[in-house]
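By convention in this document, chain letters (A, B, ...) are assigned in the order of the sequence lines, proteins followed by strands, and residues within each chain are numbered from 1.
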Amino acid sequence: MAEEVISQDFNSEDNEVVRQRKEKLLRLRSEEGYDPYVNETWDRKDTLASIRERFDTLQPEQEDGTELKTAGRIMTIRKQGKATFADMADETSRIQLYFQINTVGEKDYDFLKKWVDTGDWLGIVGHACRTRRGELTIMVTEYKLLSKAIRPLPEKWHGLTDTEIRYRKRYMDLIANPEVRDVFRKRSRIISSFRETLESHGTLEVETPILSVLAGGANARPFKTFHNALGVDMYMRIAVELYLKRLVVGMMGRVYEIGRNFRNEGIDTMHNPEFTMMEVYWPYANYVDMMNLAEELIRNAAKSIGTLEIEWNGIKLDLSKPFRKITMREAVKEFAGVDFDTVTSDEQARAIARDKGLGSEMTGHESKFAVLNLLFEAFGEENLIEPTFLLGHPTEISPLSKRDPENPDYTHRFELFMFGKEVANAFSELNDPIDQRERFEDQARKKAEGDDEAHVFDEDFINAIEAGLPPTGGMGIGMDRIVMFLTGARSIRDVILFPAMKPKA
RNA sequence: GAAUCGCUAGCUCAGUCGGUAGAGCACCGGACUUUUAAUCCGGGUGUCGCGGGUUCAAGUCCCGCGCGAUUCACCA
């Protein structure tokens, strides 16, 4: 089956150019005795960016005798008789090459004319010069064909814009659109910055199971699979929370994990079925410490890619300002015009929600706390544009969060919103094993009532809490969204190298 | 899940009222020692997303399906 698909694919995409290039390759081998795929190394001493920097001040029509040794992919080539210009790119930059017949020699020049195409990889020896027109150029003295491309590059000035091909054949996107490479370099720097900040606070990076028998730690539908040897159903993780708290119980101290979570839900511009989450847990800390850490992490990440001024979806934000704080009840008062402090019964709350047009969103059994959350999601969430900590979540919707001792129906929890989207979720971790068991029982009831995203009952986790979890502050941050907001990417697919795609029929 | 838009050469796109599938780049052959969207001469490379239907005739009209994008719904 798989082989069949591959061979079909291979043949169906053999267009005229590919056929010509394949024949050319065979002729290169037979006529020149040269196989472009046998080279294994090239001692590159200079990147194109370093060459650009070094010879920045070189004047037009000047040359520098220093020998340079570099390499890259030929992006365009202009062959004109006894001289040839080409643009070569590497991962750092792009530069013009100049081949002259009396500089590289007749034999190598003819080889170039006859065999070298756009897309090919060349090793280059030469020196810097600047043309009359001011273009920094490498005067090539020697070159070596390191590898050949037999599939043509996307068109040279429109590039590749077809979103479907860009996502399915990301390698073509990366070749044709260097700014895409920048986004993923920034992604890497942001994640490194997170690690540096966490480690500067003495936090240990750990790895916990992706495959397990129970997928807990969040309210979401998991991916299900089957382990043949064990003969059991297994699930892909939806969060790492419960494992990291077990590690705090196990006296590992401050721990964090940056890794992939999997949620079997819809795909849109904010959601990919696999996404990267950072979760961190600090013993002897609470949700206030996590607020400070969230600001520090995000600010440092922004600095690591060069600026605290960010723009997303046409909205500019200044991350140097302290993040705002608002409670869920305040947000509902401000944006839905409902004063929840006057609400005393569940029925009264539901009546208000129906009044606000949310009747179709309710089953009629909601508590006033569920209604509060509903009102926030319907009217408040989209208005939290400036980085804002949302506080005061009801206990009912926070099964892993410590209660506010002043008002046990609410918790010591926050969610951080930016541009109207959630980017972080944190709380003072519930460490009362009796309460935790009751919360899980409540979730199990909700599951039994048909809520297939209710939290799973994890007996071993309770066992761990029973062994004693210190007071702990914990937080999860959605890395893909952070990368989106810091790079201005409008779709999560633009910050994930190989986003989930449905196979073509 | 719904709506809207898109799918034509390797890439970017045009294709009128239903009447023999086009352009630029890329590619192939030729000329050319400072070009840079090189230029000049010659060459069009195609399952018009897939399948039906209407018609003398369908890239074009109708129906169904696929994939993608966006918005909404769902969902942390």
Side-chain angles (χ1 to χ4, degrees), chain A residues 12-21 23-24 60-61 75-88 94-104 109 113-114 117-119 129-137 139 149-169 172-173 175-177 217-221 238-239 261 263-273 275 277 360-361 373 376-378 381 390 393 397-398 415-417 421-425 451-453 455 476-478 481 490-491 493-494 499-505:
Chain A
S12 68
E13 294 195 17
D14 252 7
N15 61 60
E16 183 61 26
V17 177
V18 173
R19 280 195 295 273
Q20 283 169 355
R21 291 285 189 95
E23 283 163 24
K24 189 167 185 175
E61 298 191 79
M75 303 304 289
T76 65
I77 192 159
R78 298 176 288 284
K79 297 176 183 178
Q80 39 179 342
K82 296 185 174 62
T84 291
F85 290 88
D87 289 341
M88 187 174 79
R94 185 167 164 143
I95 207 162
Q96 178 168 267
L97 305 178
Y98 184 34
F99 301 81
Q100 281 186 115
I101 191 164
N102 48 13
T103 307
V104 295
Y109 190 82
K113 260 181 92 170
K114 195 163 181 188
D117 299 305
T118 56
C129 62
R130 197 178 285 275
T131 64
R132 274 212 291 269
R133 304 271 292 268
E135 180 85 24
L136 185 63
T137 299
M139 177 72 78
I150 61 171
R151 195 167 287 280
L153 260 32
E155 203 259 4
K156 66 183 170 190
W157 70 84
H158 296 101
L160 181 66
T161 58
D162 185 300
T163 47
E164 189 166 354
I165 302 176
R166 288 187 50 223
Y167 296 148
R168 287 189 197 278
K169 300 182 187 284
M172 285 297 181
D173 186 31
I175 292 169
N177 302 311
N219 297 53
R221 269 192 295 269
I238 56 174
N261 287 343
R263 297 188 184 177
N264 207 341
E265 288 156 5
I267 297 177
D268 61 33
T269 51
M270 298 304 295
H271 298 85
N272 194 63
F275 62 100
M277 178 97 105
S360 61
E361 318 255 330
N373 187 48
F376 169 75
E377 288 179 351
E381 184 166 353
L390 179 76
H393 297 69
I397 61 161
S398 311
E415 288 176 299
L416 174 61
F417 288 84
K421 311 283 182 186
E422 182 201 342
V423 295
N425 183 20
D451 179 359
D452 54 6
E453 280 155 17
H455 202 288
I477 296 185
R481 290 184 180 184
R490 292 185 318 283
S491 168
R493 290 175 216 99
D494 293 324
M501 300 289 277
K502 196 164 179 173
K504 294 199 101 170

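What separates CG of Leu136(A) from P of rU34(B) is a distance of 19 Å, to the nearest Å. Atoms NZ (Lys169(A)) and P (rC11(B)) sit 9 Å apart, rounded to a whole Å. Whole-Å rounding puts the Arg130(A) CZ to rU35(B) C1' distance at 16 Å. Rounded to a whole Å, the CG atom of Asp173(A) is 13 Å from the C1' atom of rC11(B). When rounded to the nearest whole Å, the span between CG of Asp162(A) and P of rC5(B) equals 19 Å. In this structure, CZ of Arg168(A) is placed 16 Å from P of rG49(B), rounded to the nearest angstrom.
Side-chain contact between Val18(A) and Pro152(A): present, with at least one pair of heavy atoms (C-beta onward) separated by less than 4.5 Å. Using a 4.5 Å cut-off on side-chain heavy atoms (C-beta onward), Arg263(A) and Phe275(A) make contact.
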### Query
Which letters describe nucleotides 25-33 of chain B, given B = protein heavy atom under 4.0 Å from base, S = only from sugar-phosphate, - = neither?
BSSS---BB

### Summary
With sugar-phosphate taken as primed atoms, P, OP1 and OP2 and all else as base, the protein-contact string of nucleotides 69-76 of chain B at under 4.0 Å (heavy atoms; B, S, -) is SSS--BBB

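For the P atom pair drawn from rU45(B) and rC5(B), the interatomic distance equals 34 Å after rounding to whole Å. Across rC28(B) and rG64(B), the matching C1' atoms stand 42 Å from one another, rounded to whole Å. Taking atom P on both rC50(B) and rA3(B), the two are 23 Å apart, rounded to the nearest angstrom. Annotation: rG66(B) and rU39(B) have their C1' atoms spaced 45 Å apart (nearest Å). Nucleotides rC32(B) and rC40(B) have their C1' atoms positioned 9 Å apart, rounded to a whole Å. When the C1' atom is used for both rU60(B) and rG49(B), the distance is 16 Å, rounded to whole Å. Going from the C1' atom of rG51(B) to that of rA58(B) covers 15 Å, rounded to whole Å. Comparing the P positions of rU47(B) and rA2(B) gives a spacing of 32 Å, expressed to the nearest Å.
Contact annotation for Gly478(A): no contact, since no heavy-atom pair falls under 4.0 Å across all strands. Thr76(A) comes within contact range of no nucleotide atom at all, as no heavy-atom separation falls under 4.0 Å.
For rU35(B), the OP1/OP2 oxygens have no side-chain nitrogen or oxygen of Arg78(A) closer than 4.0 Å. Under 4.0 angstrom from either OP1 or OP2 of rU36(B) there lies at least one side-chain N or O belonging to Arg133(A).
In this structure, the side chain to side chain contact (heavy atoms under 4.5 Å, CB included) partners of Ile77(A), at least two apart in sequence or on a different chain, are Ile74(A), Lys79(A), Thr84(A), Ala86(A), Val116(A), Thr118(A). Remark: Lys24(A) engages Arg27(A), Trp115(A), Asp117(A) in a side chain to side chain contact (heavy atoms under 4.5 Å, CB included) (not counting sequence neighbours). With sequence neighbours excluded, the residues forming a side chain to side chain donor-acceptor pair (under 3.5 Å) with Glu155(A) are His158(A), listed by chain and number. Remark: Arg78(A) engages Thr76(A), Phe85(A), Asp87(A), Gln96(A) in a side chain to side chain contact (heavy atoms under 4.5 Å, CB included) (not counting sequence neighbours). Residues passing the salt bridge (charged side-chain N to carboxylate O under 4.0 Å, His left out) test with Glu164(A) are Arg168(A), Lys504(A), sequence neighbours excluded. Among residues two or more places apart in sequence or in another chain, the side chain to side chain contact (heavy atoms under 4.5 Å, CB included) test is passed with Glu453(A) by Arg221(A), Glu265(A), Asp451(A). Applying the side chain to side chain donor-acceptor pair (under 3.5 Å) rule to Asn264(A) yields no partners; only residues at least two apart in sequence or on another chain are considered.
Using Watson-Crick or G-U wobble geometry with both donor-acceptor distances under 3.5 Å, rG10(B) finds its partner in rC25(B). Judged by Watson-Crick or G-U wobble contacts below 3.5 Å, the nucleotide rA58(B) has no partner. With a 3.5 Å ceiling on both atom-pair distances, the Watson-Crick or G-U wobble partner of rG49(B) is rC65(B). Pairing of rU20(B), defined by two Watson-Crick or G-U wobble distances under 3.5 Å, is not identified with any nucleotide. Remark: rA2(B) base-pairs with rU71(B); criterion is Watson-Crick or G-U wobble with both hydrogen-bond distances under 3.5 Å. rU34(B) makes up no base pair with any nucleotide shown, lacking Watson-Crick or G-U wobble contacts both under 3.5 Å.
A donor-acceptor pair under 3.5 Å is absent between the side-chain atoms of Tyr167(A) and the main chain of Ala500(A), judged by distance alone.
Closest of all the heavy-atom pairs between Leu97(A) and Thr137(A) is C-CG2, 4.0 Å.
If you check rU35(B), rG46(B), rC11(B) against the side chain of Thr131(A), the one that comes closest is rU35(B).
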